[in-house]
Amino acid sequence: MKRKIFSLFLAAAFLIPFFPLNADAGQKPHGFTDYNVSGPVSVSTVASGNYSSKFMRFWEDITGDAVEEICKAAEVNLSQNAHFAGDVIGLQAGFKRKMRRFPNSQLALIDEVSFKPSAGTDIPFIEKLDTAIQHSFFLHLNSSVEGKSQVVRPLKGEDYCTELRTLIKFYNVKTAWPPSVRRLENMAVGEIWKLPITFNIKTALGITGTAVEAIEFQLSASAERSFNPSVTVFRMAEDKMRLRIRIGTVKLRSIGASASSIEIPVESLALWNADNFIARFINRKWASEINKSLALKFSFTKNSFKGKQLVLEYICNPKDHEQMKNVSNFLKGDFGILKKMIALKLDFHNYSENETVADAAHEIQEMANKPNSALQAAQSYAGASIYDGSSANISFQLPIVYKRETYKEQRHSTYQAAGTGEQLSVYKNTKTTSERGANLPFAGSVLSHNYKKTSYVVQKFYENGTSSKPLLMYTQYDGGVHISGDSTADAIERANDILKYVGTNGNGVNEANTINADDVMPKHSVNDNGEAVKASKIYSSVASEFKLMINEDGIQEILFAPAAALMKAYFNIVRKAYKHVLSRAGDLFRIDESGHVSFDQLEAKKRFRYESDARPLRAMRRLAAQASKLIADIFDVKKTSDSNEQARKFANLVDGKGSLGAADFLKVVVQMLDPSQVTATFAMDSRNRKTGKNHYEAVFFNSRGKEFDSTLNEVENAENRFDEPALLTD
C-alpha cells in the first residue's frame, strides 16, 4: 500500500505540469466474477474471450475519452508547432504516452511519436465588413506528410493507478524505429508496432467569418487526395509474428458548415502566472482543454469518396534469426520502408475494378511477389479492395452539459484475394450515434452512450462470370460508460425484438428465442466475505454485440414471399399499436395480384359506426398504404434482373430507406424464414461496481453451413485487414 501511495504521489508531482488528473468517477469495481455463460435453453453459450476488430473499435469509441477511474486521465502529451516563410510552411512534432483498457480489463501502454511537415496557406480574395457580420471568402491550399510510430504493449495489471509507475518510466519509451533484428526478436507476445504514413493534398473554397462578435462560422467545399501506406508488426505468439502492409489511395469531396463560440484567450485562462517557456506551454495546453469543453459547437459535413487498397500479410517466426534479418532489412532497406511503399503504389496504380476476376487475382499476386522475395516468409494473404460511397456527419455540443454526434455511411466494396477464383461484393450501410454527458475539461466525459447498426449484403462473383445469390449480415453495437441498467436492458430488448419474430409467419411471437436479461445482467454476486452483494444500478462500462445472419436461401424466401404473407407479417409487428382496429376489422383487408392492399370501407364504417370520430378508418387507411408500400419495395427488388443492382436495392431496404425503418423491416422479413436459414449471436461485456466483470455470449439457432460460415468470415476478415486498425489492434 505504501508503495502504491508513493507511486501516486510521485506521478502527480512529476506530471501535473503536463496534464491534470480527473476526480474519481465513482467506486472502483469490486474484484471480478467468473465469466457468466448461463443462458436460455434454446441457445448454446460460450465464453471465448476473443473479440472481433469491430468490437474492439466500438469498445475504444465508448471508453476512449470517458472517465473510468482517477488515474486513467494520466497521460503525457507533448507537442510543438513551428511556422516558417510567413506561415506557409509548418512543422509539427509530438510525443504521447497513455494507458488504455482491453475489454477483458487488461491494460495496455501506448507510446506514439509523430512528425508532420506541411505547406499551405489561406488566401482571402473577397473581404467584407458589416456592422453585425464580418466575413471573407477564401481559397485554402495545403499539402502535408504525417508519419507516426505507435507501439502498443500489454501490461500485466488491470488497475490504472497501480500501473502509473510504468507510465512515468520514460527510460522505457519504445518506438517502432529502428526495426533492428534484436528489437524484433525481443518484442513481447501481444506487442504491436505501427508505422502509418499519410500524404495529403487538399484544396478548399469557402467563406468564414464572425457573427455578433460571439460566433465563428465557416462554409466550405473541398477536394483532397490521400496516399496512406502503413506497416504493422504484431507478435502473436512466442513463435509467430504477423507483418501486415497496407497501401491505400482515396479521393474525397466534401461540403460542410460549422459554427462555434469564440474561444477564450489564453491570457484570460492562464493558470500559471510566469513568463517563461514552460509556463507559456502549459497555459496553452490548459487553455486548449478548457476551450474544448466550454465551446458551443455545431458542424455538418457530407462526403463522397472513392478509393482502393492493397493488403499484403506475412507470418514469420521471431525465433528464426535469419527470418528476422529479412524483416529488418525489408523495413529499413535503401531509404527505408517509404521507398518500398511508393514503389508498391506505382505498381498498384493501374489496378482497376473493370478487370476480370482472374486478371485481378493475377495482378495482385504479381505485386505481392516483390516483397515475397525479400522477406522469405510465408505469405498468409494478398488482396486488394476497390470502394466508393458517401457519408454524412452531424455533431452538436452544449458547453460541459451534452455532446452528440451522428454518422451515416453508405459504401460498396469489392474484395479480391490472390489465389482465389472469386470476388467478394459488399454493400454496407452504417449509422452511429454517440452521446456524451458532463464533459469536463482535462478529465473527459463522465457519461457516454454509443449505438451503432450496420447491414451487409454480400455476393460472390466467379471467374466464369456467374455470381452467388445475396446473403445478409446485420449487426448492432450498444454500450457506454457509467450507464444505467435500464439502458443496458434496452440493448438486450432491441435484439429480442428481432429474435422473437424469426419463423413466426405472422402468427405472434416466439419468446423462447429471446435472451433472458437476468442471465446477462447478474442481480447479485458474492463478496470476499461470502456475503451476497446486490448489483449497482449503474454499470462502470458495458459493450454488447448482436449479429443476425440470413443465408442465400433465406433472402430468396423473403424476395419470393407471397404478398398476403408479407401483409400478415407487417400487421403482426404493429398488432399492439393497432390492436383496436385489427381485432375488430382485420379480416376486411384484401390484397390484389399486384400487391396493393385495400379494405371494405362500407363494412368498416358499419363496424365502427358507434365510434365518436373517424380515427379507426384513418388507421385502416394508413395500415393498407404502409403494407402496399412494403410489398412494392420487395417486389421491386425481386423483379430486378441485375444481381448486383438487386443486392444494392435490398441493402437499402435493410438500412431503412424503403417504406419501413431498419428494425421494423427486419421484424417483418425474418417471419418468412425457417430457423435453419438464420443464425444470431449476442455477446455482452459489463463491469458493475459491485458484482464486478461479467461476460455473456450466446449463439441462436446455430444451423449455419460451412459455406455460409466461410463467406461471413471472409467479410469480417476483409474488413479487419483493410480498415484502419483500432488503437489496440493491428
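Throughout, residue positions are numbered sequentially from 1 according to the sequence presented. If you're wondering where the values come from, they're calculated on a predicted model, not measured in any experiment.
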Student: Would you find a donor on one side and an acceptor on the other, under 3.5 Å apart, between the side chain of Asn551 and the backbone of Asp553?
Tutor: yes

Student: Which pair of non-hydrogen atoms, one from Phe305 and one from Ser390, has the smallest distance, and what is that distance?
Tutor: CE2-N, 3.6 Å

Student: With a 4.5 Å heavy-atom cut-off, do Lys452 and Thr430 have their side chains touching?
Tutor: yes

Student: For Lys194 versus Leu727, what's the shortest heavy-atom pair and its separation?
Tutor: NZ-O, 3.0 Å

Student: Backbone N or O of Ser385 within a donor-acceptor pair of the Gln309 side chain at under 3.5 Å?
Tutor: no

Student: Evaluate the criterion side-chain hydrogen bond (donor to acceptor under 3.5 Å, both in side chains) for residue pair Tyr462 and Glu422; output intermediate values, then yes/no.
Tutor: CA-CA 4 Å; Tyr462 304 104; Glu422 56 191 39; 4.9 Å; no

Student: Between Asn652 and Gln410, is any side-chain donor less than 3.5 angstrom from a side-chain acceptor?
Tutor: yes

Student: Do Tyr415 and Phe722 have ring centres separated by under 6.0 Å?
Tutor: yes

Student: With side chain to side chain contact (heavy atoms under 4.5 Å, CB included) as the criterion, how do Thr433 and Tyr407 come out once you've worked through the C-alpha distance, each side chain's angles and the decisive distance to 0.1 Å?
Tutor: CA-CA 7 Å; Thr433 301; Tyr407 177 78; over 6 Å; no

Student: Are His412 and Asn644 packed together at the side-chain level, in the sense that at least one heavy-atom pair is separated by less than 4.5 angstrom?
Tutor: yes

Student: Begin from the C-alpha positions of Arg246 and Leu310 and carry the test side chain to side chain contact (heavy atoms under 4.5 Å, CB included) through to its verdict.
Tutor: CA-CA 6 Å; Arg246 294 179 175 93; Leu310 173 70; over 6 Å; no

Student: Evaluate the criterion side-chain hydrogen bond (donor to acceptor under 3.5 Å, both in side chains) for residue pair Glu511 and Asn496; output intermediate values, then yes/no.
Tutor: CA-CA 8 Å; Glu511 297 289 351; Asn496 283 341; over 6 Å; no

Student: Does the structure place the NZ or CZ of Arg648 under 6.0 Å from the centre of the six-membered ring of Tyr427, at an angle of no more than 45° from the ring's axis?
Tutor: no

Student: Answer yes or no: is there a donor N or O on one side and an acceptor on the other, between the side chain of Asp730 and the main chain of Phe234, under 3.5 Å?
Tutor: no

Student: After noting the C-alpha distance and the side-chain angles of Asn510 and Thr504, does the key distance pass the side-chain hydrogen bond (donor to acceptor under 3.5 Å, both in side chains) rule?
Tutor: CA-CA 7 Å; Asn510 185 356; Thr504 57; over 6 Å; no

Student: Would you say that Met684 contacts His695 through its side chain, given a criterion of any heavy-atom pair below 4.5 Å between the two side chains?
Tutor: no

Student: Do you know which two heavy atoms are closest between Val502 and Asn513, and how far apart they sit?
Tutor: O-ND2, 4.1 Å

Student: Does one side chain, of Ser254 or Asn303, offer a donor that lies under 3.5 Å from an acceptor on the other?
Tutor: yes

Student: Using distance alone, with no hydrogens and no angle criterion, decide if Glu405 and Asn393 have a side-chain donor and acceptor under 3.5 Å apart.
Tutor: yes

Student: Should Lys460 and Glu714 be marked as a salt bridge (Lys or Arg N to Asp or Glu O under 4.0 Å) after you check the CA-CA gap, both sets of side-chain angles, and the distance that decides it?
Tutor: CA-CA 11 Å; Lys460 284 185 177 181; Glu714 280 185 66; 2.8 Å; yes

Student: Can you check side chain to side chain contact (heavy atoms under 4.5 Å, CB included) on Ile483 and Thr488, steps first, answer last?
Tutor: CA-CA 7 Å; Ile483 193 171; Thr488 304; 3.9 Å; yes

Student: Got Ile573 and Gln671 here, is their nearest side-chain heavy-atom distance under 4.5 Å?
Tutor: yes

Student: Do the side chains of Ile197 and Phe199 get nearer than 4.5 Å, heavy atoms only?
Tutor: yes

Student: Using distance alone, with no hydrogens and no angle criterion, decide if Glu313 and Ser380 have a side-chain donor and acceptor under 3.5 Å apart.
Tutor: yes

Student: Are the side chain of Asp636 and the backbone of Ala632 linked by a donor-acceptor contact shorter than 3.5 Å?
Tutor: no

Student: Give the C-alpha distance, both sets of side-chain angles, the deciding distance and a yes or no for side chain to side chain contact (heavy atoms under 4.5 Å, CB included) between Leu472 and Met549.
Tutor: CA-CA 6 Å; Leu472 169 71; Met549 295 161 276; over 6 Å; no

Student: Within this structure, what is the OG1-NZ distance for the pair Thr640 and Lys649, rounded to the nearest 0.5 Å?
Tutor: 3.0 Å

Student: Identify whether NZ of Lys or CZ of Arg in Arg436 sits under 6.0 Å from the centre of the six-membered ring of Tyr402 and within 45° of that ring's axis.
Tutor: no

Student: Which pair of heavy atoms, one from Ser659 and one from Gln626, lies closest together, and at what distance?
Tutor: O-NE2, 2.8 Å

Student: Can you tell me how far apart CH2 (Trp193) and CG (Leu195) are? Round to the nearest 0.5 Å.
Tutor: 9.0 Å

Student: Fit a plane to each ring of Phe546 and Tyr474, take the angle between them on a 0 to 90° scale, and name the class: parallel (under 30°), tilted (30 to 60°) or perpendicular (over 60°).
Tutor: perpendicular

Student: Gln646 side chain to Val637 main-chain N or O, any donor-acceptor pair under 3.5 Å?
Tutor: yes

Student: Ion pair present between Glu435 and Lys403, side-chain N to carboxylate O less than 4.0 angstrom?
Tutor: no

Student: Compare all side-chain heavy atoms of Ile515 with those of Tyr696 and state whether any distance is below 4.5 angstrom.
Tutor: yes

Student: Are Glu557 and Gln677 side-chain neighbours, meaning at least one heavy-atom pair lies under 4.5 Å?
Tutor: yes

Student: Identify whether NZ of Lys or CZ of Arg in Lys638 sits under 6.0 Å from the centre of the six-membered ring of Phe635 and within 45° of that ring's axis.
Tutor: yes

Student: Quick one: do the Glu719 and Tyr456 side chains pair a donor with an acceptor below 3.5 Å?
Tutor: yes

Student: Atom OH in Tyr381, atom CD1 in Ile245: separation rounded to 0.5 Å?
Tutor: 13.5 Å

Student: Could you check Leu673, Leu666, Val670 and say which one makes a side-chain contact (heavy atoms from CB on, under 4.5 Å) with Tyr501?
Tutor: Val670

Student: Minimum heavy-atom separation for Leu312 to Ala382, with atom names?
Tutor: CD2-CB, 3.8 Å

Student: Tell me which pairs pass salt bridge (charged side-chain N to carboxylate O under 4.0 Å, His left out) where either residue lies in residues 478-505, with sequence neighbours left out.
Tutor: Asp478-Arg494, Asp497-Lys500

Student: Using only atom types and a distance under 3.5 Å, with no angle test, would you say the side chain of Lys297 pairs donor to acceptor with the backbone of Ser258?
Tutor: no

Student: Looking at Ser395 and Ser299, what are the two nearest heavy atoms and their distance?
Tutor: OG-OG, 2.6 Å

Student: Give a yes or no on whether Lys629 atom NZ has more than 12 heavy-atom contacts from other residues, nucleotides or ligands under 6.0 Å away.
Tutor: no

Student: So Ile538 and Ser484, do their side chains get closer than 4.5 Å, heavy atoms only?
Tutor: yes

